[in-house]
Amino acid sequence: MKDMLVKTDHPLDVLISEIGKTDVLACYQCKKCSAGCPVSPDMDILPHQVIRMIQFDMRERLLNSRTIWLCASCETCTTRCPNDVDLAKVMDVLRQMAINSGEPLGDSHVPFFHSAFLSSIRKRGRIYELEMIAKYKLKNREFKKDIKLGIMMFLKGKLKLLSPKIRGRKEIRDIFSQVKKGVIG
């Protein structure tokens with residue numbers, strides 16, 4: 001997938017349609033996606049505007065936006081779309097394109113959080129909060145920020161010292177491996 005994204009000069013809507021297997025040209029800007037999005041108040045570009053910017057091939061602006069990193073992938077937008085545009089999948093593709101572009105990922109720390117989150121899931125099959133926080137803090141270098149919050153969470157039992165055990169860790173690693181190979185997207 002990485003090679004395909006880096007070498008191609010296709011317009012963004014064609015790329016998204018090929019990789020994300022959703023027809024972004026089907027969107028007629030009804031704005032149901034933006035109205036239902038739980039994190040839209042914090043986004044710099046609303047979900048329906050993301051689709052319009054893809055249609056206008058505004059690649060650089062999209063890949064540098066906070067929106068693609070703030071998307072919670074809750075699929076509310078996808079569920080509400082009357083034309084079956086899978087906006088959650090589109091956001092996944094845009095995040096991957098931003099990572100593969102090799103360009104700095106904006107001034108936001110959200111990509112660091114995203115990376116730490118996926119690393120924890122890949123390694124343990126679920127989030128191990130202490131490890132994820134440590135990886136995130138090592139990347140953003142803000143070691144003292146949120147110490148008070150961390151202590152309060154620990155005292156309330158929200159941060160466990162040991163990683164929780166789950167079944168199916170091998171299957172989750174296999175999923176990540178297949179995504180990396182491009183078998184599933």
[X]: which residues meet the salt bridge (Lys or Arg N to Asp or Glu O under 4.0 Å) condition with it, sequence neighbours left out?
X      : value
Asp57  : Arg59
Lys31  : none
Lys170 : Asp174
Lys137 : Asp146

Just how far is it from atom CD1 of Ile45 to atom CG of Leu62, taken to the nearest 0.5 Å?
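It comes to 5.0 Å.
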
Side chain to side chain contact (heavy atoms under 4.5 Å, CB included) between Ser65 and Arg61: does it pass, once the steps are laid out?
CA-CA 6 Å; Ser65 74; Arg61 173 101 193 275; 5.8 Å; no

State whether the side chain of [X] and the backbone N or O of [Y] hold a donor-acceptor pair below 3.5 Å, judged by distance alone.
X      : Y      : value
Asn83  : Val85  : no
Ser17  : Thr22  : yes
Ser120 : Tyr128 : yes
Ser101 : Ala98  : yes
Thr67  : Asp44  : yes

Can you check side chain to side chain contact (heavy atoms under 4.5 Å, CB included) on Lys139 and Ser115, steps first, answer last?
CA-CA 10 Å; Lys139 288 188 178 190; Ser115 173; 2.8 Å; yes

Starting from Phe143 and following side-chain heavy-atom contacts under 4.5 Å between hydrophobic residues (I, L, V, M, F, W, Y), which residues can be reached?
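When side chains under 4.5 Å apart are linked, the cluster holding Phe143 also contains Leu138.
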
Decide yes or no on side chain to side chain contact (heavy atoms under 4.5 Å, CB included) for Met91 and Cys77, but give the supporting numbers first.
CA-CA 11 Å; Met91 294 291 199; Cys77 52; over 6 Å; no

Under 3.5 Å, which donor-acceptor pairs do the side chains of residues 46-56 form with other protein atoms, sequence neighbours left out?
unit_1 : atom_1 : unit_2 : atom_2 : d
His48  : ND1    : Ser34  : OG     : 2.6
Gln49  : OE1    : Leu46  : N      : 2.8
Arg52  : NH1    : Gln55  : OE1    : 2.7
Gln55  : NE2    : Val24  : O      : 2.8

Taking only residues two or more places apart in sequence, or in another chain, which ones meet Asp86 in a side-chain hydrogen bond (donor to acceptor under 3.5 Å, both in side chains)?
Thr78

For residues 150-162, pull every pair meeting side-chain hydrogen bond (donor to acceptor under 3.5 Å, both in side chains), keeping only residues two or more places apart or in separate chains.
none

Going through the distances and angles, do Leu94 and Ile16 end up as a side chain to side chain contact (heavy atoms under 4.5 Å, CB included)?
CA-CA 8 Å; Leu94 289 171; Ile16 298 289; 4.0 Å; yes

CZ of Phe176: more than 12 outside heavy atoms within 6.0 angstrom?
yes

Just wondering, more than 12 heavy atoms not from Met153 lying within 6.0 Å of its CE?
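Result for CE/Met153: enclosed.
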
Among Ile68, Leu63, Asp92, side-chain contact (heavy atoms from CB on, under 4.5 Å) partner for Met97:
Leu63

Under the side chain to side chain contact (heavy atoms under 4.5 Å, CB included) test, residues paired with [X] that sit two or more places apart:
X      : result
Glu129 : Arg126, Ile127, Leu159
Ala35  : Arg80
Thr79  : none
Ile147 : Lys144, Ile151

